[in-house]
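Please read the structure below before turning to the comments.
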Amino acid sequence: MTRKSKDVYFAEIADLVSSRSTCMRNQVGAVIVKDSQILSTGYNGAPKKLPHCEDVGCIRQELGVKPGERHELCRGLHAEQNAIIQAAFHGVSVNGGKIYCTTRPCSICTKMLINAGINEIIYIEEYEDELAAQLVKEASLSLRRVDIIRKYGRNSK
């Protein structure tokens with residue numbers, strides 16, 4: 001029996017978490033880990049108690065907004081945002097942790113991860129965002145890609 005690396009293990013959990021997403025364009029999952037323990041998870045979707053995009057439609061699709069543009073035109077939160085919010089809601093510090101994401105974080109999420117004290121971002125799929133890449137470099141964050149075979153549903157951006 002071959003034991004999975006921790007990177008593959010946590011990345012696969014992020015992939016599983018993405019299966020809860022209600023986004024019509026791309027299902028994303030995130031897991032925040034510290035000292036090899038899961039602190040929080042998040043997936044992209046509408047705020048609590050509000051209708052999901054799959055129920056009311058996608059504003060971004062209706063307006064023809066391209067991926068990576070006009071993030072404010074979305075009723076949903078990103079997976080990384082939800083993971084940070086869930087940790088805060090339950091009084092769990094993520095300072096000094098790392099995050100595993102199914103998709104490389106956008107610039108908005110990258111700024112939040114920096115301020116939350118996340119030291120390392122490990123992702124499965126690329127997401128082109130020049131500002132996010134610049135912020136990672138300026139903040140001296142560790143950024144790595146891990147290869148897994150995604151098992152759970154996702155749509156193209």
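Because the structure is predicted, anything quoted here is derived from the model rather than measured.
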Rounded to the nearest 0.5 Å, how far does CG of D15 lie from CZ of R150?
4.5 Å
In sequence, state the C-alpha distance, the side-chain angles, and the governing distance for Q81 and I108, and then conclude on side chain to side chain contact (heavy atoms under 4.5 Å, CB included).
CA-CA 9 Å; Q81 294 168 345; I108 293 171; 3.5 Å; yes
Taking all non-hydrogen atoms of both residues into account, name the closest pair between I99 and A30 and its distance.
CD1-CB, 3.9 Å
Closest approach of V56 and P51, non-hydrogen atoms and distance?
CG1-CB, 3.5 Å
With rounding to the nearest 0.5 Å, note down the distance linking OG1 in T22 to CD in Q27.
8.5 Å
Which heavy atom of F10 sits nearest to which heavy atom of S36, and what is that distance?
CZ-O, 3.6 Å
Looking only at non-hydrogen atoms, find the nearest pair between R60 and P67 and report the distance.
NH2-CA, 4.1 Å
Main chain of G45, side chain of R75: is a donor-acceptor contact present, judged purely on distance under 3.5 Å?
no
Result of checking T102, N82, N44 against S21 for side-chain hydrogen bond (donor to acceptor under 3.5 Å, both in side chains):
N44
Measuring only between side-chain heavy atoms, which start at C-beta, is I121 closer than 4.5 Å to S142?
no
Hey, any chance L131 and Y127 share a hydrophobic cluster, counting ILVMFWY side chains that come within less than 4.5 Å of each other, even indirectly?
no
Rounded distance [0.5 Å steps], OH in Y43 versus CG in L16
11.5 Å
Residue R70 excluded, over 12 heavy atoms near CZ under 6.0 Å
no
Is a donor from one side chain sitting under 3.5 angstrom from an acceptor on the other, for E138 and Q134?
yes
Any chain of hydrophobic side-chain contacts (each under 4.5 Å) joining I124 to Y152?
no
When hydrophobic residues are tied together by side-chain contacts of less than 4.5 Å, even through go-betweens, does L141 share a cluster with M112?
yes
Go through the steps for E12 and I149 under the test side chain to side chain contact (heavy atoms under 4.5 Å, CB included), then give the verdict.
CA-CA 8 Å; E12 286 181 349; I149 297 171; over 6 Å; no
Do you know which of V92, L39, T41 makes side-chain contact (heavy atoms from CB on, under 4.5 Å) with I32?
L39
On a heavy-atom basis, which atom in S40 and which in A87 lie closest, and how many Å separate them?
OG-N, 3.5 Å
Spell out, as yes or no, whether a donor-acceptor pair under 3.5 Å connects the side chain of K34 to the backbone of N95.
yes
To the nearest 0.5 Å, how far apart are NE2 in H78 and CD1 in I84?
12.0 Å
Could you please spell out the steps behind the side chain to side chain contact (heavy atoms under 4.5 Å, CB included) verdict for I13 and I38?
CA-CA 10 Å; I13 292 172; I38 295 173; 3.8 Å; yes
In one Ile/Leu/Val/Met/Phe/Trp/Tyr side-chain cluster, 4.5 Å: L143, I122
no
Enclosure of E130 CD (heavy-atom neighbours >12, cutoff 6.0 Å):
no
Distance under 6.0 Å and angle within 45° of the ring axis: does K48 meet both against F89?
yes
Return the NZ to CG distance between K98 and D35, rounded to the nearest 0.5 Å.
9.5 Å
Counting N and O atoms only, with roles assigned by atom type, does the side chain of T103 sit under 3.5 Å from a partner on the main chain of E125, one being a donor and the other an acceptor?
no
Do any N or O atoms from the side chain of R104 and from the backbone of Y123 form a donor-acceptor pair under 3.5 angstrom?
no
May I ask you to decide if S107's main-chain N or O and D129's side chain share a donor-acceptor pair within less than 3.5 Å?
yes
Should L77 and I59 be regarded as members of a common hydrophobic cluster, given that ILVMFWY residues are connected when their side-chain heavy atoms come within less than 4.5 Å of each other, either directly or indirectly?
no
Nearest 0.5 Å, please: how far is CG in N119 from CG in L113?
11.0 Å
Which atom names give the shortest non-hydrogen contact between V28 and S18, and what distance separates them?
C-CB, 3.5 Å
